[in-house]
Amino acid sequence: MVNREALTARATALTGELRARGVELVALTLVDNAGIARVKAVPLRKLPSAAAWGVGASNSFDFFGFDDVITGGEHSLGPVGDLRLHPDLDALTVLAGQPGWAWAPVTKLDQEGEPHPQDPRALLATAVDRLAARGHRARMSFEIEWVITSADAPDDAKSATAGPAYGYARLSERADYLRALVSTLDQQGVGVEQIHPEYADGQFELSVAAADPVRAADVAVLTKETIRALSHRHGLKASFTPKFAPAGVGNGGHVHLSVLDGARNLFSGGERVFGLTPIAESFSAGILQRLPALLAIGAPSVVSYLRLEPHHWAGVYTAWGLENRETPLRLVRGVAGNRESAANLEVKCFDLTANPYLLAAALLFAGMAGVDEGASLPEPLDVDPGVLTEEERAARGIERLPQRLEEAVAAFEADKDLAAAFGAPLASTIVDVRRAEIERFADASPEEITEAQRWRH
């Protein structure tokens with residue numbers, strides 16, 4: 001049950017500290033099933049009330065599409081009912097790039113103070129608890145890729161920064177912007193590991209330090225919205241869409257994860273191939289086997305499948321390998337002498353239209369199912385699977401991942417482990433939202449799809 005008295009007292013104490021730091025308003029975010037961060041904001045003086053009693057929100061947010069169209073579904077109540085958004089005071093952050101503002105992610109409760117069965121952040125917390133009950137914990141991080149254009153440019157304009165892929169010239173051109181961004185994130189407690197120009201014109205990538213899964217998902221939301229805000233302040237627009245233009249290279253949203261037993265990283269120092277422990281291998285195999293279903297969570301938009309092409313480092317075949325950037329599962333060992341802390345699994349076939357809470361939870365549930373099954377990995381691949389012949393791939397058991405959202409949705413519906421872990425209301429609603437988008441773009445061209453999605457994420 002909600003301890004309203006304790007929450008009131010704690011939020012009241014925080015209010016004094018926040019006021020001293022110039023905060024006047026607090027933005028409260030939830031991420032919907034289409035991957036859009038929705039927000040309610042309260043004046044600072046209302047924070048104690050929001051913490052204890054929540055802020056009202058329609059449960060129709062569960063059914064929002066990327067285009068703000070509210071779809072129906074078995075568990076939809078339409079305009080009827082109310083949820084309460086409770087800010088997580090532990091995650092509350094003063095926004096260094098938006099003076100006068102703070103931010104906090106929310107937990108969704110009903111009016112009786114009970115958990116909402118379709119709360120993605122609560123689902124992730126449940127997955128973390130189930131992993132902890134096995135004596136393990138996970139560390140995760142999300143890579144953030146985006147493209148910038150001038151704020152006053154037409155929507156179909158080319159990027160605001162050209163130059164060689166990964167080129168210093170591109171970094172130099174936007175040095176002030178990138179410096180301000182890293183400084184702002186640092187002040188907000190986001191540990192930036194590196195930032196660099198990416199392959200496409202105007203494309204950048206930012207990596208952050210690994211954290212527990214809930215914190216990692218929170219950081220993904222905070223980082224994206226900070227990039228968006230800082231870009232605006234520098235006369236730019238930021239797009240995180242998987243395909244900015246049909247012929248271009250897309251933005252990914254790769255996930256790095258490791259599983260630990262106490263302080264020991266189970267992805268290093270084991271007796272299996274490349275130093276994996278049996279648990280790390282089975283955990284990874286559980287993810288690999290469920291990648292078609294996981295794409296409905298991690299590549300949840302029609303536009304996602306324009307990015308999932310061979311030879312684009314997106315990982316479109318059911319394979320894995322050591323430092324193989326063309327397999328969807330890339331084992332990162334790290335350098336000799338640092339592997340105990342550095343070894344992790346990178347999942348490359350996802351993008352930033354995903355709800356990070358749903359995606360992190362799905363990965364944990366898939367991995368735990370693999371451990372329960374005693375699953376094993378196939379032979380690792382040390383070549384680009386796209387250069388193999390169809391016969392060679394078939395001999396190795398390598399298949400193409402879904403090439404359309406409807407294929408991924410069908411795989412998700414057929415996966416009993418994920419459906420049970422998500423619960424019927426949430427699993428059903430995810431399918432409803434995905435099918436609405438599929439219908440929306442049934443006759444659309446790649447150009448029409450990219451145009452419609454370019455500035456929604």
Side-chain angles (χ1 to χ4, degrees), residues 29-38 57-78 81 83 106-108 115-127 142 213 217 220-221 242 253 255 287 290-305 308 347 349-366 369 401-402 404-442 453 456-457:
T29 59
L30 59 91
V31 183
D32 66 20
N33 288 315
I36 303 291
R38 311 285 178 176
S58 170
N59 62 10
S60 64
F61 279 118
D62 296 332
F63 294 86
F64 266 59
F66 82 96
D67 53 2
D68 303 334
V69 173
I70 304 173
T71 190
E74 178 184 355
H75 297 278
S76 172
L77 299 177
L83 296 173
V106 302
T107 298
K108 293 192 281 187
H116 177 49
Q118 300 202 47
D119 183 354
R121 196 168 183 267
L123 178 73
L124 176 53
T126 296
F142 291 78
V221 175
V255 182
I287 292 172
R290 290 169 176 81
L291 277 181
L294 289 169
L295 282 181
I297 306 300
S301 177
V302 170
V303 73
S304 299
Y305 296 82
L308 293 176
V347 191
C349 51
F350 303 141
D351 62 61
L352 296 176
T353 62
N355 179 319
Y357 303 102
L358 289 180
L359 179 52
L363 287 168
L364 293 182
F365 287 131
L401 287 172
R404 299 183 304 163
L405 179 57
E406 44 265 60
E407 296 172 13
V409 169
F412 177 76
E413 288 185 288
D415 193 295
K416 303 305 181 185
D417 292 308
L418 289 178
F422 274 50
L426 180 54
S428 173
T429 299
I430 288 169
V431 170
D432 291 334
V433 172
R434 301 290 180 269
R435 285 189 171 145
E437 183 169 326
I438 291 167
E439 183 178 355
R440 160 79 162 76
F441 289 116
Q453 295 271 26
R456 303 304 289 176
H457 291 276

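- Looking at heavy atoms from C-beta onward, Lys108 lies in side-chain contact with Pro120 at the 4.5 angstrom threshold.
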Could you give me the CA-CA distance, side-chain angles and deciding distance for Leu294 and Leu418, then say whether side-chain contact (heavy atoms from CB on, under 4.5 Å) is met? CA-CA 9 Å; Leu294 289 169; Leu418 289 178; 4.0 Å; yes
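- Inter-residue side-chain proximity for Ser58 and Leu83 is flagged as unmet; no heavy-atom pair is nearer than 4.5 Å.
- The structure places CZ of Phe61 at 12.0 Å from CD1 of Ile36, a figure rounded to the nearest 0.5 Å.
- Side-chain N or O atoms of Glu437 include none that pairs as donor or acceptor with a backbone N or O of Gly65 at under 3.5 Å.
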side-chain contact (heavy atoms from CB on, under 4.5 Å), that's the test. Do Phe350 and Leu295 meet it? Break it down for me. CA-CA 7 Å; Phe350 303 141; Leu295 282 181; 4.0 Å; yes
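- Between Phe412 and Ala427, the shortest heavy-atom contact is CE2-O, 3.9 Å.
- The structure places NE2 of His116 at 9.5 Å from CG of Leu30, a figure rounded to the nearest 0.5 Å.
- Counting only N and O atoms by type, the side chains of Thr429 and Asp62 include no donor and acceptor under 3.5 Å apart.
- Ring geometry, Phe66 versus Phe441: the interplanar angle falls under 30°, so the pair is classed parallel (tilted spans 30 to 60°).
- The two residues Asp415 and Ala293 make their nearest non-hydrogen contact at CB-CB, 4.0 Å.
- Remark: side-chain polar atoms of Ser304 are paired, donor with acceptor, to backbone N or O of Ser301 under 3.5 angstrom.
- Side-chain contact between Leu363 and Val255 is present, with at least one heavy-atom pair separated by less than 4.5 Å.
- Separation of atoms CZ (Arg434) and CG (Asn33) is listed at 6.0 Å; rounding is to 0.5 Å.
- Between the side chain of Asp351 and the backbone N or O of Gly253, no donor-acceptor pair lies under 3.5 Å.
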Between Asp32 and Val433, does a side-chain contact (heavy atoms from CB on, under 4.5 Å) hold up when you go through it step by step? CA-CA 10 Å; Asp32 66 20; Val433 172; over 6 Å; no
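- Residue Phe142 holds its CZ atom at 5.0 Å from CG of Leu359, rounded to the nearest 0.5 Å.
- Here the closest heavy-atom approach between residue Leu308 and residue Cys349 is recorded as CD2-O, 3.6 Å.
- Residue Ala408 comes nearest to Tyr305 through the heavy atom pair CB-OH, 3.3 Å, listed as atom of the first residue, atom of the second, then distance.
- Note that the CG atom of Leu358 and the CG atom of Leu426 stand 6.0 Å from one another [nearest 0.5 Å].
- No option in Asp68, Thr353, Asp67 other than Asp68 meets the side chain to side chain donor-acceptor pair (under 3.5 Å) test with Arg456.
- Between Val31 and Arg38, every side-chain heavy-atom pair lies at or beyond the 4.5 Å cut-off.
- The two residues Ser428 and Glu74 come nearest to each other via the heavy atoms OG-OE1, 3.8 Å.
- Interatomic distance, CG of Asn355 versus CZ of Arg121, reported as 11.5 Å (0.5 Å rounding).
- Remark: the backbone N or O of Ala369 is not paired with any side-chain donor or acceptor of Asp417 at under 3.5 angstrom.
- Judged by distance alone, the side chain of Tyr357 and the main-chain N or O of Ala125 form no donor-acceptor pair under 3.5 Å.
- In terms of heavy-atom proximity, Ala34 sits nearest to His457 at O-CE1, 3.1 Å.
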